[in-house]
Amino acid sequence: MSDNKKTQVQEFEYKAEMKQLLHLIVHSLYTHPEIFLRELISNAADALSKVRFRQLTQSGPTENGDGELKVSITLDEENRRFVIEDNGVGMSEEELIANLGTVAKSGTLGFLQAMKERQQGEAGMDANLIGQFGVGFYSVFMVTEEVTVETKADGTDGCRWKSSGEGTYSIEKIERESRGTSISFTLREESKEFAESFRVENIIRKYSNFVDFPIYLDNKRINSVAALWQKPKSEVTEEELNEFYKFVSVDYQEPLSHLLLSLEGVVSFKALLFLPKEAPVDMLYQQGALEKHGPQLYVKKVMIQHECKELLPEYLRFVTGVVDTEDLPLNVSREVVQNSPVMAKIRQILTTKIIAWFESLAQEEPETFRRFYKAFGPVIKIGLNTDFTNREKLIELLRFESTATEDGEYVTLKEYVARMGEEQKEVYYLSGDNRRQLLSHPNLEYFRKKGIEVLLLVDPVDVFVIPSIGEYDGKPLKSIEKADIDFSKGDGEEDEALGSSLMEPVIRIFRETLGESVEDVVASHRLVNSPVTLVGSKDAMDSQVEKMLRMMNRDMASGKKILEVNPSHRVIKNLAGLCVLDENNPIIRTTMRQLFDGAQLLEGGLEDTADFVSRMTEIIEAATKSGKS
Ligand code: ADP
Ligand code: MG
């Protein structure tokens, strides 16, 4: 540039993960390049709301005076130029480096991770992922090779940031009068559509119609700026609702259901809430993910907080939307949001209203409720152990598969209890990985034979939640894995079980053979088709809980089980016969070990498979011997 005064252009290198991200964006996201516009407008709106907030909370104008807070987009179709400008807070040099040079945002990191997993899976990028994360500013590199950001914050010098998104960026000081940010670039040839006003106008309407700052396109005002939640119910159209949902929730799908509230009383607020069709990927699998969710908080139509977790208890934070109150001051700080009695009251009312909403869905739109429960049932269950005020209502919302339902159909505890037989005093359940595995579980045989319904718990959190319910309608909830279930009643017709004298040697040799591997060996009446099964002692851990704990801690010893032996089973009878002939016949002990391992295998807890297979070969060999060898 000028020769006597050196311009100070500093070069910087992106962090490694940034390079990776940029690469992914340019090469994988390419199917939805239009979202770059949504991201840039949303950043501009954020910067503008920071100014609006300052204006409302500080006396006197900000440094540069203000004028209308707005976003302006200027297009030059001929030269494929695109410029978007805002008079928001702008950035200082340090902020530029921190905000645009690193992956500072957890959402972006989450996105990177999901991308990696997806790619290992096989399929590339899909709209769902983009919708869930939004990769922010960097999405601009989908449509251009080089971006220039000029910006100025109050009290700092103007700065120009430039990057081609290929590993480095540069920063230099510039003369800039007005506070705010302007982002400019030349569109790639294949993205030239984004310099056409018609196209850009449509995208703004599609994604950014509810941004509450005016957006100008070549000086023409585009968006409507309507606070939908302030309108009376009758004036809100389905289409507006769907659009608004997509806007606030950054979802590409339509919402599953919505709730419009207008409350006046101890506190007054209006709310427009939505249920998404699916749970965001992070919600179920990432610890602490719910911390980052929640509806938006507005005070007197001014956005105060994006994801206000204080509005809802943790187990309801998948509910999105907007809550707008007149009862908080505009300059409400984070601390006030956390501690204000007004917020506590709003949360309490919202919780009640939301649970009532779920109840009415269950009653009036069972299909919608089922879909909702499939997506968010596991999250709701957190509430059973955290929200004791609403516990009873939450218990009524619970749904389970059972031996009496079709695959994928649910039963409530109320329905279960209503159809329990006269003599049945307890609610039975069995937990495991999936329905198929559970249905073939030996412990179920007795119940199926007797026609007693058993709840099949396939959601991993059930084993933590269900025992804590304790009892429903005076009926204890009991795992059929536990040994103290009383099978004595009405068992008269049990066919040709071995008598105790014949069983005695079988049980004794079982005990001898298995030694320390089991807590005990006993004759059992719960089995019908299986020779043996493992059950936990009365106060043992549920085997699913144990399995999970062991996944987390490999060294944890597994709790000992009781082996129950079926005196009516062919194999046990054969063993008893062999014992009478010769107790020392080695096939007896081999068979017993094998039966025990088989039972462990069914529970998913067999460690030494090599032994299992070699013993199996031994037994097959014995079984296939011609008789005269
Ligand atoms: P996010 O908006 O989710 O934080 P982005 O990648 O979209 O992530 O933006 C990164 C950061 O860059 C923003 O958090 C903000 O601090 C800053 N930024 C981006 N655009 C602007 C802008 N127009 N005005 C002021 N700051 C901006
Ligand atoms: Mg952003």
Side-chain angles (χ1 to χ4, degrees), residues 12 14-15 17-22 24-26 29 34-54 62-64 66 69-74 82-112 129-144 147-163 165 169 171 176 178-185 207-208 211 213-216 247-250 280 282 292-293 296 303 305-307:
F12 295 86
Y14 285 119
K15 294 265 165 60
E17 69 270 20
M18 266 298 308
K19 289 187 199 166
Q20 202 182 352
L21 177 67
L22 290 166
L24 281 171
I25 288 169
V26 176
L29 278 174
E34 66 187 34
I35 62 145
F36 88 90
L37 188 51
R38 175 188 79 190
E39 297 296 334
L40 295 186
I41 291 176
S42 124
N43 286 348
D46 286 349
L48 289 167
S49 39
K50 286 177 193 159
V51 173
R52 180 188 278 167
F53 185 77
R54 263 194 225 162
T62 37
E63 192 175 297
N64 287 285
D66 281 313
L69 295 175
K70 61 179 183 186
V71 184
S72 314
I73 296 170
T74 321
F82 189 106
V83 182
I84 173 168
E85 176 150 25
D86 65 69
N87 50 351
V89 280
M91 285 175 273
S92 66
E93 182 172 346
E94 295 75 43
E95 285 168 335
L96 262 177
I97 295 173
N99 297 338
L100 301 185
T102 54
V103 184
K105 221 184 67 173
S106 60
T108 312
L109 285 172
F111 171 80
L112 260 179
L129 271 184
I130 300 176
Q132 290 195 13
F133 293 97
V135 283
F137 173 78
Y138 312 107
S139 56
V140 73
F141 289 110
M142 284 191 288
V143 297
T144 184
V147 179
T148 303
V149 178
E150 294 187 353
T151 185
K152 176 174 159 25
D154 278 342
T156 68
D157 294 327
C159 269
R160 178 183 294 134
W161 179 98
K162 234 184 197 177
S163 176
Y169 59 92
I171 291 185
R176 188 181 161 98
S178 51
R179 184 203 61 226
T181 305
S182 128
I183 298 173
S184 54
F185 46 89
Y207 293 111
S208 310
V211 166
F213 292 95
I215 302 170
Y216 292 90
F247 172 69
V248 279
S249 311
V250 200
D282 62 338
K292 294 182 306 221
H293 291 272
Q296 301 182 343
M303 150 89 91
Q305 213 170 304
H306 255 302
E307 267 130 6

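By convention here, the first residue in the shown sequence is residue 1. Both ligands and their constituent atoms are indexed starting at 1 by order of listing. Atom set for the values below is all heavy atoms of this structure, side chains included, hydrogens, waters and symmetry mates excluded.
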Who passes salt bridge (Lys or Arg N to Asp or Glu O under 4.0 Å) against Glu150, sequence neighbours left out?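 Salt bridge (Lys or Arg N to Asp or Glu O under 4.0 Å) check on Glu150 returns Arg160.
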
Do Asn87 side-chain atoms and Lys70 backbone N/O form a donor-acceptor pair below 3.5 Å?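 At least one qualifying donor-acceptor pair exists.
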
Keeping the roles fixed (side chain from Thr144, backbone from Phe141), state whether a donor-acceptor pair exists under 3.5 Å.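 Absent.
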
Determine whether the side chain, the backbone, both or neither of [X] has a heavy atom under 4.0 Å from any heavy atom of ligand 1.
X	value
Asp86	side chain
Thr181	side chain
Leu40	neither

For Phe82 and Phe36, take the angle between the two ring planes, folded into 0 to 90°, and tell me which bin it lands in: parallel under 30, tilted 30 to 60, perpendicular over 60.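 Phe82 vs Phe36 ring planes: perpendicular.
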
Does the plane of the ring in Phe12 sit parallel, tilted or perpendicular to the ring in Tyr169? Use 30° and 60° as the thresholds.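 Plane angle under 30°, so parallel.
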
Under 3.5 Å, N or O to N or O, is [X] touching ligand 1 that way?
X	value
Glu39	no
Ile183	no
Asn43	yes

Just go through Ala47, Gly180, Ser42 and tell me whose heavy atom is the nearest to atom 25 (C) of ligand 1.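 It is Ala47 whose heavy atom sits nearest to atom 25 (C) of ligand 1.
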
Going by heavy-atom distance to atom 26 (N) of ligand 1, choose the closest among His306, Glu85, Glu95, Met91.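 Comparing heavy atoms across His306, Glu85, Glu95, Met91, the nearest one to atom 26 (N) of ligand 1 lies in Met91.
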
Going by the order shown, which atoms of ligand 1 are within less than 4.0 Å of some heavy atom of Leu100?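 Ligand 1 atoms under the 4.0 Å threshold to Leu100: 12 (O).
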
Tell me whether the Mg ion (ligand 2) has Ser42 as a neighbour, meaning an N, O or S atom of it below 2.8 Å.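 Short answer: no, not a single N, O or S atom is under the cut-off.
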
Can Glu85 and Arg176 be said to form a salt bridge (Lys or Arg N to Asp or Glu O under 4.0 Å), step by step? CA-CA 13 Å; Glu85 176 150 25; Arg176 188 181 161 98; 3.4 Å; yes

CA sep, side-chain torsions, deciding dist, call: Val211, Phe247, side-chain contact (heavy atoms from CB on, under 4.5 Å): CA-CA 8 Å; Val211 166; Phe247 172 69; 3.6 Å; yes

